[in-house]
2 protein chains.
Amino acid sequence: MKTADPELMRAINRFHVLDTIRRHGPIARVEICERTELSATTVSAITASLIDDGLVAPQHIGDLRNGGRGRPRVMLTLNPDAACIVGVKISPYRMHLVVTDFQGDVLSELGLPVRLDREPLIVLSYLIEDGVRSCVTKAGLTIEAITSLSVALPGVVEYGTGCVRASALIAEPDAQLAEAMVARLGIPTIVESDANAVAQAEYWFGEARALEDFVLVSLENSIGLAVMHEGQLFRGALGLSPNLGDLIVSGPDRAAPVRLATIAEQEAIIAGSEDVESLRESARSGEAAQEIVKRIEGGDEGLILSATRAGKSLGLALANIVTMLAPPRIFLVGSSLALGDHLLNDLIATLADATPEPLAGVSEIVVSMPGDAAWARGAAALALRELYGAPWSTTGPARHAYKNGIQGENHGR
Amino acid sequence: MKTADPELMRAINRFHVLDTIRRHGPIARVEICERTELSATTVSAITASLIDDGLVAPQHIGDLRNGGRGRPRVMLTLNPDAACIVGVKISPYRMHLVVTDFQGDVLSELGLPVRLDREPLIVLSYLIEDGVRSCVTKAGLTIEAITSLSVALPGVVEYGTGCVRASALIAEPDAQLAEAMVARLGIPTIVESDANAVAQAEYWFGEARALEDFVLVSLENSIGLAVMHEGQLFRGALGLSPNLGDLIVSGPDRAAPVRLATIAEQEAIIAGSEDVESLRESARSGEAAQEIVKRIEGGDEGLILSATRAGKSLGLALANIVTMLAPPRIFLVGSSLALGDHLLNDLIATLADATPEPLAGVSEIVVSMPGDAAWARGAAALALRELYGAPWSTTGPARHAYKNGIQGENHGR
DNA sequence: TTATTTTTATACCGATCACGGATTAATTTC
DNA sequence: GAAATTAATCCGTGATCGGTATAAAAATAA
């Protein structure tokens, strides 16, 4: 535990003010006082310091007239130019990149078709480098202007070290992705699971705004899990992110354990179809879900069966999450949601059936469908969170072992 | 979020010092400086205030001579008389009580045979009252001397409100146990799941000392779960504690979901035996596990099968915990462990088999067998933790809604 | 017995920080 | 142009921490 000295106090309040400015757009100092419950003096001092450090800028133009007389408020915003982040979201058939400014506003966006199926790390890192350079150029910037890179991908990731322990996209286990990207681009790099990235996006920009505790389940080609606890992502030992696809959904009587991924991943659903090959083809163009819906409505019995099975399995998994974590809200996101009721009906029904009665009604299920860019933006947000320098260490046993690309420390001033 | 002012700073350091004194027995001020990394000045001021408040006392007797010359250190300890707590652990066949002082040292201990099978709240609260009065008398005290009461029992409990949503011991759902105890004894009361209580015991007194992150699975007549995260128990919405017995361990193909409890609870194991009735009889005297072992070694095929099944199911459940939370360590506790290898062999083997490869070796399994008193002491420790007044709100969405028996607030001074 | 040494605990000083009240600044309204 | 109003800052106070110096207490040595 840290000892509490004036420095920490200042760091906490500073972060609090910075976070308030981030969340509540252009905001006047008085309003910061109200929201943070800090004194006007303190806010004035801290904002002065933030402006001095170039993180915050007064907004002269477009002064909102606050109703009437009196000295007009000077609105403050994050200084967009304080940093540039590249966020990347990778899935088997697409790579999506955004360049954001210090506010998390998107400067440029790029979606690239790829086809990643257990590729060597060197291939993946090459593709990322390529995408990053393109997207940065598209934003009218150069690589030197980029402060951090943040990559989100499905699988089991060590946040601290940037090591991808396992992913459907990478051939080798324990791939040192962050290290590889630092070597290629010379930019400090964060690697995180796609579920955690999109959870951060929902928390900062999306439907989970101001919701400190929730769970998110991502239903893509892989199935991921994110647990937000008191505004911080829950991470396991070594900063490991969870991977819901590895959850076991078979009973003890089966000889071999059956994992959720083998039932509920998009590929698993497709495999039930009467025309697997052509569905796989549409998957490559990222339109598997729509195509599946069409087939189901066309009467593909196999598909109906596998979708049902997937929905039920997911319902059971969610029930177990409710049993173990009892989150106030559970978000469902990801491309598989395009299946709509064909997946959700069974999911909701099974969940309702399988939730222990005492926990009925505790966890509200919310379906959210952020676009690809939101995921990438969430990745960028993870990097921004580091830059804002929260005084509380990142949650979980693995302390912020920030990637040593250029700077080693990012504390305080 | 709280604003950081000098008061908070003081509270943090004060708690830090108090916690250091608690953990490291009689300890000199200098050593507190080293451990907390606070300056001698600060430690001196804080300890003076703690002594002034009667929470800490200098220990004149038995001064440890620290090697040689120089001014001898004055050892400080928690003032045992600062508070008296009653901790209760309830299981279907036993009620165990301890009275502890402010240090958590046991002043008196009492084990009572009971037989609780979905009893009305009024019966349970009567039995608790009776036990508490006996145990307090045994300690040579009166009820008036008791600061708080803390009850641990299996089931789904709302920590904040002291409401037992469901438990095998209580007939009605949503039993307001804390309220009932306050009405009976007039003592502020905490109610918590038995798993959380024993986790707190392991954290403060047992094998998990100084281990900030771990998961604990309690294998008793019920199966419980506790997640310790950064030294705080993880609680869900409304302060709900998890109940692992409600976990579903069947696949999506089963018509009705099968819960872990129906396979791995002691009662479920017993049900497999060729001589159920006499085993139930031994269970009543709390010696089911030993008896089961005897029968298994005597060749009770049904029992062997059900024990195996239980072990496998638990292994799967643990694998799923590893998948979702990746804790550095998992503690197994509870009376079912007396089954020894008859349960553990299958459990460990299944766990090893079912753990996703990328997570192999992340979570270390530790078997611990604290006695009944330790559970009750853990309950008392939960109450003590509240009294120490940690400046960080209790973890989870439910903020410290401390039971309003006598005092309403327990902050700071 | 007395002086020295060694270690512990506290007192004093200067630093930073948050806060409250007074002050200055920038508008609108009369 | 003066008054009113609201926003932001300046100044003094009280609190904390840290560092250094000092007082206290005991063992050791003369």
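Each chain gets a letter, A, B and so on, in the order its sequence line appears, and its residues count up from 1.
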Derivation of the salt bridge (Lys or Arg N to Asp or Glu O under 4.0 Å) call for B:D213 and B:R329 = CA-CA 8 Å; B:D213 296 271; B:R329 206 166 299 180; over 6 Å; no
Looking for any heavy atom pair under 4.0 Å, which part of the strands does A:T41 touch: base, sugar-phosphate only, or nothing?
->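 The answer is base, as A:T41 lies within the cut-off (heavy atoms under 4.0 Å) of a base atom.
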Quick one: label A:A48 by what it contacts on the DNA or RNA (base, sugar-phosphate, nothing), any heavy atom closer than 4.0 Å.
->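 Contact class for A:A48: none.
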Out of [options], whichever nucleotide has its closest atom nearest the side chain of [X]:
{"X": "B:S39", "options": "C:dT10, D:dG18, C:dA18", "answer": "D:dG18"}
{"X": "A:S44", "options": "D:dA8, C:dA18, C:dA9", "answer": "D:dA8"}
{"X": "B:R29", "options": "C:dT10, C:dT16, D:dA8", "answer": "C:dT10"}
{"X": "B:V30", "options": "C:dA9, C:dC19, D:dC17", "answer": "C:dA9"}
{"X": "A:M9", "options": "C:dC19, D:dG18, C:dC17", "answer": "C:dC17"}

For the pair A:R385 and A:D19, find out whether any cationic side-chain nitrogen is under 4.0 Å from an anionic carboxylate oxygen.
->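 A salt bridge is absent here (no side-chain N lies under 4.0 Å from a carboxylate O).
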For B:W204, is the NZ or CZ atom of B:R209 found under 6.0 angstrom from the centre of its six-membered ring and inside 45 degrees of the ring axis?
->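 B:R209 over B:W204 ring: no.
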Is the NZ or CZ atom of B:R22 both under 6.0 Å from the centre of the six-membered ring of B:Y388 and within 45° of that ring's axis?
->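 Relative to the ring axis of B:Y388, which defines the angle, B:R22 lies outside at least one limit.
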Please report how far the helix from C:dT1-D:dA30 to C:dC30-D:dG1 bends, comparing the axis fitted to its first five pairs with the axis fitted to its last five, to the nearest 10 degrees.
->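 End-to-end axis angle: 30°.
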How many Å lie between CD1 on A:I51 and P on D:dT9, as a whole number?
->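 After rounding, the reported distance stands at 8 Å.
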State the CE-CZ distance between B:M228 and B:F214, to the nearest 0.5 angstrom.
->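 The CZ atom of B:F214 is 4.0 Å from CE of B:M228, to the nearest 0.5 Å.
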Do you see a donor-acceptor pair shorter than 3.5 Å between the side chains of A:T42 and A:S39?
->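 Yes, side-chain donor-acceptor contact under 3.5 Å.
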